[in-house]
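Encoded as structure tokens, the structure appears first; notes follow it.
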Amino acid sequence: MNNRDEIPERARRGEPCADDGLAPLLETAARVEAAFAYNPDPARQTDALRRFNQARAELKRARAAQKPVSPRFRLPRLVWAAGLAAVALAVAGVLALRPGTVPVTYVSAETGGNLVFLLSDEENAIADFASLRLTIDRVGLLNGAGTAWIEYDQGTGVVLIHILDLVDEAAWVDLIKNRYEALLLEIFE
Amino acid sequence: MNEHKTGLDTLEDKETRLAGLFNECYSRLAGYAYARTGSRAVAEDIAGEVFLRALKALPSYRDRGLPMSAWLFRIAHNLVVDHYRHKSRQAELALETDCGVEEEAPTARLEREHELARVAAAMKRLSPAQQEVIRLRFIAGLSSKETAALMGKSDGAVREMQREALGRLRVMLGEDTK
């Protein structure tokens with residue numbers, strides 16, 4: 001440990017240190033600590049603890065009341081994310097080789113949108129966010145040439161997946177409809 | 001308590017850790033908020049509120065080298081900032097000197113109040129960053145590493161600021177007592 005970092009600990013212990021040049025700083029540190037020594041009101045501390053425990057119990061009750069996830073789907077979120085990302089990449093990879101031609105219209109942001117991004121440059125921030133309001137009525141996944149792989153139209157509620165090299169349309173519909181749609185509905189509903 | 005855990009703790013694990021920190025951190029948080037606001041009532045409101053805010057934010061908390069106790073001081077800092085957004089800055093200067101010491105002799109109390117006023121006045125002459133280093137290191141009791149993580153600076157920079165701030169305080173307090 002660097003000597004300078006020992007200042008608070010040595011100040012608290014009241015250690016003399018005549019030889020290392022830290023004595024004056026130790027004295028000042030001890031003086032600051034003593035001046036701001038703080039004894040909270042025990043009644044207010046007890047009340048704060050009671051409110052904390054109450055809030056904790058309420059959160060626990062709320063969690064218990066949530067619809068339990070079927071054991072079939074009790075996989076870590078990371079596994080689900082990896083699975084979905086793999087499907088998206090597989091689709092994207094196929095399409096990247098043979099770009100499609102569906103044009104996408106970009107949507108401009110406006111005040112009072114349907115999505116708010118909270119932005120912070122602090123890890124674990126819980127406040128002091130900058131906010132950005134967006135209206136999202138369509139989501140598109142584009143390849144480098146600006147053509148669409150996936151489009152979502154809020155107006156119609158239709159997700160359009162653009163698949164080139166399509167051989168068996170019924171197999172794709174079955175895969176999306178019966179494998180992924182049901183899982184996603186169960187997770188997010 | 002060893003606070004350093006993996007980032008894969010369950011929410012229940014994190015709640016248990018947070019609850020375990022209450023008694024250890026409440027008075028330090030109150031002391032930190034008191035040094036920033038000068039009001040015991042506000043300081044203790046903030047100390048209590050920190051735990052409620054932390055409880056709500058726990059699902060998004062990840063321990064990436066910053067212990068949970070240091071995270072609580074970041075929340076306290078945000079609450080102090082919120083406090084000043086809603087109040088005039090006059091209160092910052094009016095330091096309450098009743099520090100909860102019971103059955104204190106009047107002369108001892110008077111001397112303590114004068115000392116607090118002297119130290120607080122000297123602190124105000126430091127730069128805002130130096131003041132924060134002194135508060136986090138000597139009033140909140142955080143390590144230089146934790147202080148550095150909270151302030152977005154390097155460990156070395158914090159220690160340098162600490163040395164500089166203590167040196168300046170020493171000069172100012174020395175002049176003050178002459």
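Within every chain, numbering begins at 1; the chains are lettered A, B, ... in the order of the sequence lines, protein sequences first and strands thereafter.
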- Task: Could you tell me which portion of B:Leu58 (side chain, backbone, both or neither) has an atom closer than 4.5 angstrom to a non-hydrogen atom of chain A?
- Result: neither

- Query: Does A:Asp174 have any side-chain hydrogen bond (donor to acceptor under 3.5 Å, both in side chains) partners at least two apart in sequence or in another chain, and if so, which?
  - Reply: A:Asn178

- Note on the structure: Okay, B:Phe51 and chain A: the region with an atom under 4.5 Å from a heavy atom over there is both

- Message: Shorter than 4.5 Å, heavy atoms on both sides: which option in B:Gly167, B:Ala149, B:Gly48, B:Ala19 has the most such pairs with chain A?
- Response: B:Ala19

- Sequence neighbours left out, what passes side-chain hydrogen bond (donor to acceptor under 3.5 Å, both in side chains) with B:Glu49? Give chain and number order. B:Arg53

- Item | Residue pair B:Tyr61 / B:Met68: nearest heavy atoms and the distance that separates them | OH-N, 3.2 Å

- By a 4.5 Å heavy-atom criterion (distance strictly below it), what part of A:Leu49 contacts chain B: side chain, backbone, both, or neither? both

- B:Tyr34 six-ring centre to B:Arg135 NZ/CZ under 6.0 Å and within 45° of normal: no

- In terms of heavy-atom proximity below 4.5 Å to chain A, should B:Ile134 be classed as side chain, backbone, both, or neither? side chain

- Which pair of non-hydrogen atoms, one from B:Glu146 and one from B:Pro67, has the smallest distance, and what is that distance? OE2-CG, 3.3 Å

- Under a 4.5 Å heavy-atom cut-off, does chain A meet the side chain of B:Thr16, its backbone, both or neither? both

